[in-house]
Undergrad: 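Here it is, the structure, as structure tokens.
Proteins get letters first, then strands, A, B, ... in listed order; numbering begins at 1 in each.
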Amino acid sequence: MLNKYPLWKYAIILSVLVLGVLYSLPNLFPADPAIQIQGAEAGVQMNDTTVQRTERLLDDANIDHFGAEINGQSLLIRLNSNEDQLAAKAAIQRGLGGNYIVALNLAPTTPNWLLAIGAQPMSLGLDLSGGVHFLLEVDMERFLESRLASYAANIRTTFRDENIRYRGIDVLDDGSIQVLLADEDFRSEADTWLRRNLPEFQRSDVESRGLPGLILTLTDERIAELEDYAVSQNQTTLNNRVNELGVAEPLVQRQGRNRIVVELPGVQDTAQAKNIIGKAANLEFRLESRDGQGEVYPFRDSNRTAMLETDVIVTGDNVTDARTSYDENGLPQVSVNLDGDGGSRMGQTTRRSIGVPMGVLFIEQKSILEGYEEVDGEPVPIYDSVEEREIISLATIRGAFSNSFVITGLDNAQEASDLALLLRAGALAAPMQFVEERTVGPSLGAENIRMGTQSVIIGFALVILFMLGFYKVFGIFAAVALSANLVLIVAVMSMMGATLTLPGIAGIVLTVGMAVDANVLIFSRIREEIADGRSPQAAIDGGYKSAFSTIFDANLTTLIVAVILFAIGTGPVKGFAITLSVGIVTSMFTAIMLTRALANLTFGGRVVKKLPI
Amino acid sequence: MSDLKVLNFMGYRKTLAVASLVLILVSLGSLAVRGLNFGLDFTGGAQIEVGYEEPADVEVIRNTLNGAGYRDVVVQYFGNNTDVLIRMQEDNNPRLGDEVLALLSETRDDVELRRNEFVGPQVGEELRENGGIGMLVALGVVMVYIALRFQFKFAVGAVAALVHDVVIVLGFFSITQMAFDLTVLAAILAVIGYSLNDTIVVADRIRENFRMVRRDETDYLINLSLTQTLARTLITSLTTLLVLVALGIFGGELIFGFAMALSVGVLVGTYSSVYVSANVLMALDLTKQDLMPPEKSDDPEEEDIPAWLTDVEDDETSKEKS
């Protein structure tokens, strides 16, 4: 018998639809405005006392709240209205003080049974949620320049120590180092030393000013390594600073070779955000004071203090690298490398200070929330910029060292990697600059959502009306398929954890318009078959069959274009490419399988005189 | 099929080829003379959108900014008279947005920042390059796919149609001087996808008819194919245009350029699938020999479609026979 699907096929279609509905459901629950509270430092824990304090603060400020919950390191408390968010944030921050980071957030209201199956709402792009997007570029040229300068200084010091007589060691404009030596013998000595100790340089002979010399150029691999290092170091630093801003869900991500994207949903005060992101940290290595004269500083991770000498041995500018490593017993340690200049000063100091503890001071420009000022009835935060100095390491000098040394006596690997991170953060990082900034106000974001949804609904309704008028009963099939398609797009996007943007909504609208194409193709073929004199059942079967390869080709080529769009696009355009690709794939399923199932259910297996098409 | 009157599309092919050529020349001419009004995404610079509670006065804003020493300031209404878009070509000052807002709130305090964008000149240049490369890659990949899946002459026809569409849409943006930003670029790539869709549907029919119909005149076979697909071509264009109009009217200012580019693209794409790609096939003298399947079965439906996709049909056939 023609036009009957086996039961399993109906079962598959039905289960896809049910899954689609389930996974798209979370998007229907509007999120609650909420306040998120986190400890400013790792030591601050959230507990019932914090919850009670926060709730009391909100009660005092007459702000309705509910559903306080602790999620690991952070406390989330829900509010009844958006308007209360700023006031609530101000009240809580004022009450809890500087040890806590208070941020605005949206709390999903997805019911637990949906969360249990992993269903989550789509996340909204900045153009829909409002917020700031920064693109920072790491200045590689200046970074490499400074690295080369420190290499040159390093070589100068060692040559002096090793008695390799040179006449000049300079960084040239083309990014190479020229080493001029006293005579040929020294050149071969220098060549040997460089080969052994600085394999990252390619060496070539040169004669200049009548002197034998060497030209050193960094290998491409080493340059790539340095760039990589500079970017990831900056990224780590940015991560720390962004956390300080009190943003609920910040994103710090590398983009391309030398760029870093920072996205801060919900942040409006871009000036403040830029100040914090752009500020610098530094390090100072100083000996512990032995004569009771000096300055007392607190430790970063404990309540101890120590007195350090006022003389600074080296600063963060001299630190070229700091990494976690392990000694022969498998104990964690941090290896630190200094540049030539720093190395020689460190050498001089350590030679006469064996057995004395040396401290590392971490200096940070911090913005501290002082309080709030009422401007036109709105609380506006006031920040004060302070310099914070904390000891991050105090370790005894075991022997003289210069360029490289290790800090041992660390309790565990975590402590070692934290220390390495702080050392790097305070070291001279490659300079960064803002190359792109986009801020979307919250009202514009909300408006974009409203207008986007509106145009989806209207476009959808127009297409359905047209299909019903033109294809009658088969128009109903198409309408069902179109609705199912919309549900499936949302479900797949939610499952993928994709971000919905305004162009993404445009992509959904466009998919709605184009998805009917498959049905139009099929229905036109069915009409042709009927005109050719086939029976209704044969016409349905023939229509679906002959349209299939056309639909497949047409959709595949569009998919190719969508993939290219995804590859070259940035931000919002990627959003468009994603919805378009997802829409193409789901529309193949709904327009072919689903409408066929509906047609089979309606007409299959019985005598049909005339098709209502 | 018998009662379907075959329309003589190819009878007008020369006239319309001239018309297409004129459109393309006008577009290229405008692109050469006036160029595109590149938006911030591509030029770099700063752009600030502010919203007022009461209608704003762009003249006052312009004077305020000029008075404060800003040059090359473009101030215009954005969508309605309470929203104002300020564009400046100032490079290397990421703080511009904050400064401008501070300045504007001195004169009127009902101002609110809606959007602030700063794009460094280098980023803009890269985006422009990437966009161009993306378009070329898309055209190349598509051409290869069609050459493999259909035949080389179809690939030439399809790419001719795509280039035709893209040039005319670009020409439209050049002539109207509407802002050409990233979303418009996305729309143009979507036009490539859409127009291709149309072209392939027609090409598919032409191939089928060349293999199945027992007549030999190229123009008759192409006319027949175009007539058979005409209803579908028009309906799909219509539904797509319906949603695009909805998007253009209700989607807001940010998405208007996108809707506009696609609408023009859909109109031109519909026309080009009939008159450009088919015209190229005529000009290249497509013959039945070009389309004879190399060795396999003579059933045109039996293409290299993965088994998991065809089993929908296979099931039917097996049931039928039993």
Side-chain angles (χ1 to χ4, degrees), chain A residues 1-2 4 6 135 270-271 274 434-441 443-444 447-448 451-452 454-455 458-459 462-463 466 470 502-503 506 509-510 512-514 516-517 520-521 524 528 531-532 541 545-546 548-550 552-554 557-558 560-562 564-565 568-570 572-573 576 580 593, chain B residues 1 3-4 51 94 97-98 112-120 122-123 130-131 133-134 137-138 141-142 145 149 182-183 186 189-190 192-194 196-197 200-201 204 228 231-232 235-236 239-240 242-244 246-247 250-252 254-255 258 262 301 303 305 309 312-313 315-316 319-320:
Chain A
M1 183 57 82
L2 259 182
K4 283 197 86 171
L135 187 62
T270 53
K274 270 190 222 160
F434 291 89
V435 290
E436 191 182 321
E437 179 200 325
R438 289 170 200 268
T439 310
V440 176
S443 62
L444 183 62
E447 208 176 293
N448 282 342
M451 292 193 298
Q454 199 180 359
S455 45
I458 293 171
L462 286 175
V463 171
F466 176 83
F470 207 78
L502 187 60
V509 177
L510 187 65
V512 167
M514 286 173 68
V516 289
D517 182 51
V520 173
L521 274 166
S524 309
E528 272 176 41
D532 262 2
D541 193 48
K545 267 192 188 166
S546 51
F548 182 78
S549 90
T550 315
F552 183 77
D553 272 337
T557 37
T558 315
I560 293 175
V561 174
I564 291 171
L565 199 54
I568 62 155
T570 52
V573 174
F576 171 69
L580 195 62
M593 294 265 284
Chain B
M1 242 175 275
D3 55 343
L4 194 69
D98 308 326
E112 173 206 40
L113 180 77
R114 287 167 67 82
R115 185 159 58 99
N116 171 19
E117 296 179 305
F118 160 80
V119 176
Q122 219 208 323
V123 177
N130 280 350
I133 292 170
V137 170
V141 172
V142 158
Y145 180 80
R149 193 88 173 91
L182 265 183
T183 52
L189 280 159
I192 295 185
Y194 179 86
L196 197 63
N197 206 325
I200 284 187
V201 170
D204 212 56
Q228 285 168 335
R232 175 264 153 200
I235 292 169
T236 302
T239 54
T240 311
L242 279 179
V243 295
L244 287 174
L247 196 60
F250 303 103
L254 284 176
I255 213 80
F258 174 90
L262 258 169
E301 256 59 74
E303 303 291 351
I305 294 158
L309 268 168
V312 180
E313 272 77 21
D315 243 65
E316 245 48 55
K319 278 245 149 48
E320 233 174 289

Undergrad: For A:Pro503 versus B:Thr183, what's the shortest heavy-atom pair and its separation?
TA: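 What the structure gives for the nearest pair is CG-CG2, 3.9 Å.
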
Undergrad: Mind checking whether A:Thr558 and B:Leu196 have side chains closer than 4.5 Å, heavy atoms only?
TA: no

Undergrad: Heavy-atom cut-off 4.5 Å, strictly under: side chain, backbone, both or neither for B:Leu262 against chain A?
TA: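 Looking at B:Leu262, just its side chain touches chain A.
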
Undergrad: What I'd like to find out is whether the side chain of B:Arg149 reaches to under 4.5 Å of the side chain of A:Asp553, using heavy atoms alone.
TA: yes

Undergrad: So do B:Glu117 and A:Glu436 actually touch side chain to side chain, heavy atoms under 4.5 Å?
TA: no

Undergrad: Nearest 0.5 Å, what's the OH-CG distance between B:Tyr194 and A:Asp517?
TA: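 If I round to the nearest 0.5 Å, the distance is 7.0 Å.
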
Undergrad: With the side chain counted from C-beta on, respond yes when B:Phe250 and A:Met451 share a heavy-atom pair under 4.5 Å apart, and no when they do not.
TA: no

Undergrad: How many angstroms lie between OG1 in A:Thr557 and CD1 in B:Ile192, if you round to the nearest 0.5 Å?
TA: 11.5 Å

Undergrad: Any idea which heavy atoms bring B:Ala138 and A:Ile564 closest together, and the distance?
TA: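 Shortest heavy-atom separation between B:Ala138 and A:Ile564 comes out as CA-CD1, 3.3 Å.
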
Undergrad: Any idea which heavy atoms bring A:Ser455 and B:Gly251 closest together, and the distance?
TA: OG-CA, 4.0 Å

Undergrad: Pick one of side chain, backbone, both or neither for A:Val435, based on which atoms fall under 4.5 Å of a heavy atom in chain B.
TA: both

Undergrad: Can you tell me how far the CZ atom of A:Phe576 sits from the CG atom of B:Leu189, to the nearest 0.5 Å?
TA: 8.5 Å

Undergrad: Distance check, rounded to the nearest 0.5 Å: B:Asn197 atom CG versus A:Leu521 atom CG?
TA: 8.0 Å

Undergrad: Identify which part of A:Leu462 has an atom lying under 4.5 Å from any heavy atom of chain B, answering side chain, backbone, both or neither.
TA: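 Contact with chain B: backbone and side chain both.
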
Undergrad: Is any side-chain heavy atom of A:Glu528 closer than 4.5 Å to one of B:Gln228?
TA: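 Yes, at least one pair of side-chain atoms sits under 4.5 Å.
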
Undergrad: Is any side-chain heavy atom of A:Phe466 less than 4.5 Å from a side-chain heavy atom of B:Ile235?
TA: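 They are in contact (side-chain heavy atoms under 4.5 Å apart), so the answer is yes.
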
Undergrad: Can you find a heavy atom in the side chain of B:Thr236 that is under 4.5 Å from one in the side chain of A:Met514?
TA: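 SC-SC contact between B:Thr236 and A:Met514 ruled out.
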
Undergrad: With only heavy atoms counted, which part of A:Thr550 is less than 4.5 Å from chain B, the side chain, the backbone, both or neither?
TA: both

Undergrad: Counting distance only, does the side-chain N/O of B:Thr239 pair as donor-acceptor with the main-chain N or O of A:Gly513 below 3.5 Å?
TA: yes

Undergrad: Let me confirm one number: the CG-CD distance from B:Leu247 to A:Gln454, rounded to the nearest 0.5 Å.
TA: 11.0 Å

Undergrad: Which atoms of A:Val509 come close to chain B, meaning under 4.5 Å heavy atom to heavy atom: side chain ones, backbone ones, both, or neither?
TA: both

Undergrad: Chain B: which of A:Leu135, A:Leu444, A:Leu580 shares the most heavy-atom pairs with it under 4.5 Å?
TA: A:Leu444

Undergrad: Under 4.5 Å heavy-atom distance to chain A, tell me which part of B:Val137 shows up: side chain, backbone, both or neither.
TA: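 Contact with chain A: backbone and side chain both.
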
Undergrad: Side chain, backbone, both or neither: which part of B:Val141 has an atom under 4.5 Å from a heavy atom of chain A?
TA: side chain

Undergrad: Can you tell me how far CZ of A:Arg438 sits from CG of B:Asn116, rounded to the nearest 0.5 angstrom?
TA: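 Here the interatomic distance stands at 10.5 Å.
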
Undergrad: Could you work out, with side chain to side chain donor-acceptor pair (under 3.5 Å) as the rule, every residue matching B:Glu112, not counting sequence neighbours?
TA: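 Result, side chain to side chain donor-acceptor pair (under 3.5 Å) vs B:Glu112: A:Ser443.
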
